[in-house]
Number of protein chains: 2
Amino acid sequence: MSAPLTLVGKGRHFASLGIREVTRQAGVVPTSFYRHFRNMDDLGLQLVDELGLVLRRMMREARENVLQADKLIDESVGIFISHAQANRSFFLFMAQGLAGESRAIQEGIRSEMRYFASELANDLRRLKLVDHLSDGDLEMICDLVVRSVAFSLTDLLGVSADDEYQVEQIRKRTTRFLQLIFVGAEHWDNRRP
Amino acid sequence: MSAPLTLVGKGRHFASLGIREVTRQAGVVPTSFYRHFRNMDDLGLQLVDELGLVLRRMMREARENVLQADKLIDESVGIFISHAQANRSFFLFMAQGLAGESRAIQEGIRSEMRYFASELANDLRRLKLVDHLSDGDLEMICDLVVRSVAFSLTDLLGVSADDEYQVEQIRKRTTRFLQLIFVGAEHWDNRRP
DNA sequence: ACTTAATGTGTACGATTGTACACATGTTGT
DNA sequence: ACAACATGTGTACAATCGTACACATTAAGT
């Protein structure tokens, strides 16, 4: 399963990978592929499942490290960036899959993102940071947060991991996005019809 | 050039298309491909250029139709959705290209988005809606707006164009995203260090 | 220890791929 | 009308593709 990720990490698009290519990278004969996966879509779906684990690990680390609320955004963005770099190929796969050609993979990734957003909503509730928001509004806001971060992901994956200047720019920009969203959230409810 | 778009519209990913496939769709013999494009990447780049035209048409229509500032968001989202549906394949190509395998295409699409964001910033300035914001902050905010809309695009392209209920949900959600961002923008500058 | 299941190998085949080359057809400018 | 050019065609070939099948090896359960 790491073979397709390696190839994706080298710049290939998952949709353009073939069975032979993957098995070659895995150092295995093509027909062995069918011992584990029915086809490339099936492989992709299993990768989505593993992606879920990666995201959960990231969430856990964020929860452990974010102690004071005032550093919440900075810390979270930092953790996100370091995980994105440590699992570069996984996140590349995720970014590709969002507009990929398999509807099932697309839906799988989208579902992981929804889960992530709902967990974020729980955490914010728990930290008593959003008492003035309805559940629906909070969910909407967390969705926007997750989307913004996911989009920053594509920025991040576009630059070399050791180009510290660019990474820092992306970190700052993402942080400002989230600050802006939370400023909006603070002043939100008086705006509802 | 419409052949690859047709294929993308049928659910294929641009990165997985081959020369023969494209020429077959175009009703032309494979070797004719080389009369127009050096390779698939070249084709993709030319599509990005045409995508620019589509986006500019959309901007123009938005500028003509948005008369009162209070309807700005609703109108713009509406225009965006109708254009996205009228040029479904083009926008699918755009969504795919953002995480595609050609760095050049990626950068091309990103550049179109930056241009779009900067035009939006100009318009907001012209409408005197953002006098309290610095240029840098305004640019950041417009960037976030464009990204959010672009992400909604992937939602929109995932549902059938005549599933009116789903489309309406996406329209409402996108509108709320933008409202939230603008609420944040209104209360922004006191937050700067 | 012996059976059973899981996984990898080797060979094979027809379909499809990218691309080279020579040739045909249509279009444009003079 | 005729040359120059743009575009499409036909043929060809080696490389690669997905996948079927029979067989070998390793791991697990009894």
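Labels below follow one simple rule: chain letters A, B, ... track the order of the sequence lines, proteins then strands, and each chain is numbered from 1.
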Item to check | Arg20(A) or Val28(A), whichever maps to the more 5' nucleotide of DNA chain C | outcome: Val28(A)
Checklist entry - Taking only N and O in the side chain of His36(B), is any of them less than 4.0 Å away from OP1 or OP2 of dG8(D)? => result yes
Item to check | Any Tyr34(B) side-chain nitrogen or oxygen under 4.0 Å from OP1 or OP2 of dT19(C) | outcome: yes
Item to check | 5'-most by nearest nucleotide on DNA chain D - Arg35(A) or Thr31(A) | outcome: Thr31(A)
Checklist outcome for this item: Here the distance between atom P of dC17(D) and atom CZ of Phe33(A), to the nearest Å, is 13 Å
Checklist entry - Is a side-chain donor or acceptor of Arg103(A) paired with a backbone partner of Gly158(B) at a separation under 3.5 angstrom? => result yes
Checklist entry - Asn39(A) has an atom CG; how far is it from atom C1' of dG18(D), in whole Å? => result 11 Å
Checklist entry - In whole angstroms, how far is the C1' atom of dG18(C) from the CG atom of Leu43(B)? => result 15 Å
Checklist entry - Counting N and O atoms only, with roles assigned by atom type, does the side chain of Gln96(B) sit under 3.5 Å from a partner on the main chain of Phe14(B), one being a donor and the other an acceptor? => result yes
Item to check | Short N-O contact, Arg114(A) and Glu139(A), less than 4.0 angstrom | outcome: no
Checklist entry - Using a cut-off of less than 4.0 Å, is there contact between a side-chain N or O of Arg24(A) and OP1 or OP2 of dC17(D)? => result yes
Next on the checklist: Using whole Å, what does the distance between atom P of nucleotide dT19(C) and atom CG of Asp41(B) come to?
Outcome noted: 11 Å
Checklist outcome for this item: Separation of dT16(C) atom C1' from Ile19(A) atom CD1, nearest Å, is 15 Å
Next on the checklist: Applying the side chain to side chain contact (heavy atoms under 4.5 Å, CB included) criterion to Leu138(B), which one of Leu120(B), Val130(B), Leu129(B), Asn122(B) satisfies it?
Outcome noted: Val130(B)
Checklist entry - Separation of Phe37(B) atom CZ from dA6(D) atom P, in whole Å? => result 16 Å
Checklist outcome for this item: note: Met40(B), atom CE; dT19(C), atom C1'; distance rounded to Å ~ 15 Å
